[in-house]
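The structure appears right after this line, and notes come after that.
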Amino acid sequence: YYNEYKSYLSSMTSSSPNMSGETSRKRDRPEEMELDEEVSHKKPMFPALSADKLKSNKSEFRKVPIPPHRYTPLKENWMKLYTPIVEQLKLQIRFNVKTRNVELKSSPETTDITSLQKAADFVRAFTLGFDIDDCLALVRLDDLFLETFEIADVKGLKGDHLARAIGRIAGKGGRTKYTIENVTKTRIVLADSKIHILGSFQNMRIARTAICNLILGSPPSKVYGKMRTVASRMSERF
């Protein structure tokens with residue numbers, strides 16, 4: 001066994017120069033790769049696609065469910081919903097009585113690919129409880145969004161503690177809610193423990209921070225001061 005082990009060691013030592021040569025070659029390869037990476041490559045330039053090419057031949061379809069407590073407002077404001085969707089966005093709209101959904105469909109006259117999403121957001125904002133005139137801004141402007149969150153997402157409150165948090169957000173006669181809306185230029189809907197905000201991204205962030213501070217127990221006067229300073233900075237920046 002000793003002789004076999006000795007011959008094995010001699011064979012390993014004899015093959016070591018080749019292995020070192022291989023490793024040196026392997027070490028040289030990354031340098032070659034680095035040289036190749038330094039060579040500048042031109043970015044491919046693709047022409048912008050037109051709206052006709054982006055538009056698909058198939059008609060797109062959306063459904064917006066209507067909660068039971070919004071049937072009567074939907075019936076009363078149907079023409080105010082129908083007119084901008086059909087005349088401005090060039091879409092087809094109907095209310096399915098069986099499924100209780102507002103159904104939206106693109107037509108051959110639809111030119112903008114974002115029209116269907118705008119119409120769906122417009123109807124959804126109305127179902128959440130926003131005024132129909134405020135919802136129309138979603139159709140006319142591009143940088144408006146909807147956001148929904150619950151009080152439980154901020155702080156787990158139950159019973160009287162939850163009721164007091166909702167009261168702090170609303171204020172006496174809705175004064176606190178109106179102040180947040182006017183300072184941040186947003187619209188807020190309080191639906192039990194759910195809060196819906198409509199506005200631009202930056203303004204929604206300020207309003208959401210103010211509402212979260214009220215939920216956590218900050219006094220309204222302190223929230224007003226912080227909110228006004230942030231809003232003034234935002235107005236100076238833009």
Side-chain angles (χ1 to χ4, degrees), residues 51 54-56 58-154 166 169-170 174 177-178 180-182 184-212 215:
L54 287 171
K55 196 170 110 177
S56 60
K58 295 181 181 179
S59 59
E60 297 181 3
F61 190 76
R62 295 285 175 88
K63 289 181 181 179
V64 181
I66 307 297
H69 68 279
R70 297 299 289 173
Y71 292 157
T72 304
L74 180 70
K75 192 175 180 181
E76 293 173 353
N77 297 284
W78 177 252
M79 287 308 297
K80 291 183 179 179
L81 278 170
Y82 176 88
T83 305
I85 290 174
V86 174
E87 293 183 359
Q88 295 181 26
L89 301 177
K90 308 295 182 184
L91 298 173
Q92 298 174 357
I93 181 174
R94 73 172 183 179
F95 179 65
N96 195 328
V97 181
K98 291 183 179 179
T99 60
R100 300 289 186 177
N101 291 331
V102 171
E103 298 177 352
L104 302 163
K105 186 180 178 183
S106 61
S107 64
E109 297 177 355
T110 307
T111 55
D112 192 359
I113 56 173
T114 62
S115 297
L116 198 63
Q117 184 61 45
K118 281 185 179 180
D121 291 339
F122 173 46
V123 177
R124 182 171 171 267
F126 179 75
T127 59
L128 292 176
F130 290 99
D131 189 47
I132 187 71
D133 296 327
D134 296 331
C135 298
L136 271 172
L138 286 165
V139 177
R140 294 170 183 167
L141 302 174
D142 292 331
D143 59 342
L144 291 183
F145 306 96
L146 281 170
E147 185 180 0
T148 301
F149 66 95
E150 295 188 22
I151 293 176
D153 297 337
V154 182
I166 296 170
I169 298 167
K177 182 175 82 76
Y178 293 142
I180 296 172
E181 287 180 343
N182 293 331
T184 60
K185 297 177 183 178
T186 56
R187 289 294 176 266
I188 300 168
V189 170
L190 291 174
D192 195 19
S193 63
K194 288 187 178 181
I195 300 162
H196 311 293
I197 306 175
L198 169 66
S200 64
F201 180 77
Q202 295 290 344
N203 294 339
M204 274 198 310
R205 186 169 62 85
I206 300 170
R208 185 176 63 244
T209 304
I211 292 170
C212 290
I215 293 169

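All residue numbers in this chain count up from 1 along the given sequence.
When all heavy atoms of Y71 and I66 are compared, the closest pair comes out as CE2-O, 3.4 Å. Between F145 and F201, the shortest heavy-atom distance links the atoms CD1-N, 4.1 Å. The minimum heavy-atom distance linking M204 with L198 is given by the pair CG-C, 4.5 Å. Nearest heavy atoms, I188 versus I211: CD1-CD1, 3.9 Å.
One distance of note links CZ of R70 with CZ of R100; it measures 15.0 Å at 0.5 Å rounding. Interatomic distance, F122 CZ to I93 CD1, rounded to the nearest 0.5 Å: 8.0 Å. In this structure, CZ on R62 lies 8.5 Å from CG on D121, to the nearest 0.5 angstrom. Note that SG of C135 and CZ of R124 are 11.0 Å apart. Values are rounded to the nearest 0.5 Å. Atom-to-atom distance recorded for E181:CD and I197:CD1 is 10.0 Å, nearest 0.5 angstrom. Atoms CG and CZ, on N77 and F126 in that order, are 4.5 Å from each other to the nearest 0.5 Å.
A salt bridge does not link E60 to K105: none of the charged nitrogens lies less than 4.0 Å from a carboxylate oxygen. Between D142 and K118, at least one side-chain N (NZ, or NE/NH1/NH2) sits under 4.0 Å from a carboxylate O, which counts as a salt bridge.
Under the rule for a salt bridge (charged side-chain N to carboxylate O under 4.0 Å, His left out), E150 has no partner lying at least two apart in sequence or in another chain. In terms of the salt bridge (charged side-chain N to carboxylate O under 4.0 Å, His left out) criterion, residue partners of R94 (sequence neighbours excluded) are, by chain and number, E103.
Between the N182 side chain and the Y178 main chain, a donor and an acceptor come within less than 3.5 Å of each other. In terms of modelled atom types and a separation under 3.5 Å, the side chain of Q92 and the main chain of V86 share no donor-acceptor contact. No donor-acceptor pair under 3.5 Å is formed between the side chain of T127 and the backbone N or O of P67. Of the possible donor and acceptor atoms, one in the side chain of T83 sits under 3.5 Å from a partner among the backbone N and O of M79. Formation of a donor-acceptor pair under 3.5 Å by the K90 side chain with backbone atoms of E87 is found in this model. In this structure a side-chain-to-backbone donor-acceptor pair under 3.5 Å is missing from K194 to F149.
Between C212 and the choices I195, D153, V154, I151, the side-chain contact (heavy atoms from CB on, under 4.5 Å) rule is met once, by V154.
No side-chain N or O of Q88 forms a donor-acceptor pair with one of R140 less than 3.5 Å apart.
The neighbour count for Y82 OH, taken as heavy atoms of other residues, nucleotides or ligands under 6.0 Å away, does not exceed 12. The environment of CZ in R208 is crowded: more than 12 heavy-atom neighbours from other residues, nucleotides or ligands sit within 6.0 Å.
You'll find the side chain of L104 reaches within 4.5 Å of the side chain of I85, heavy atoms only.
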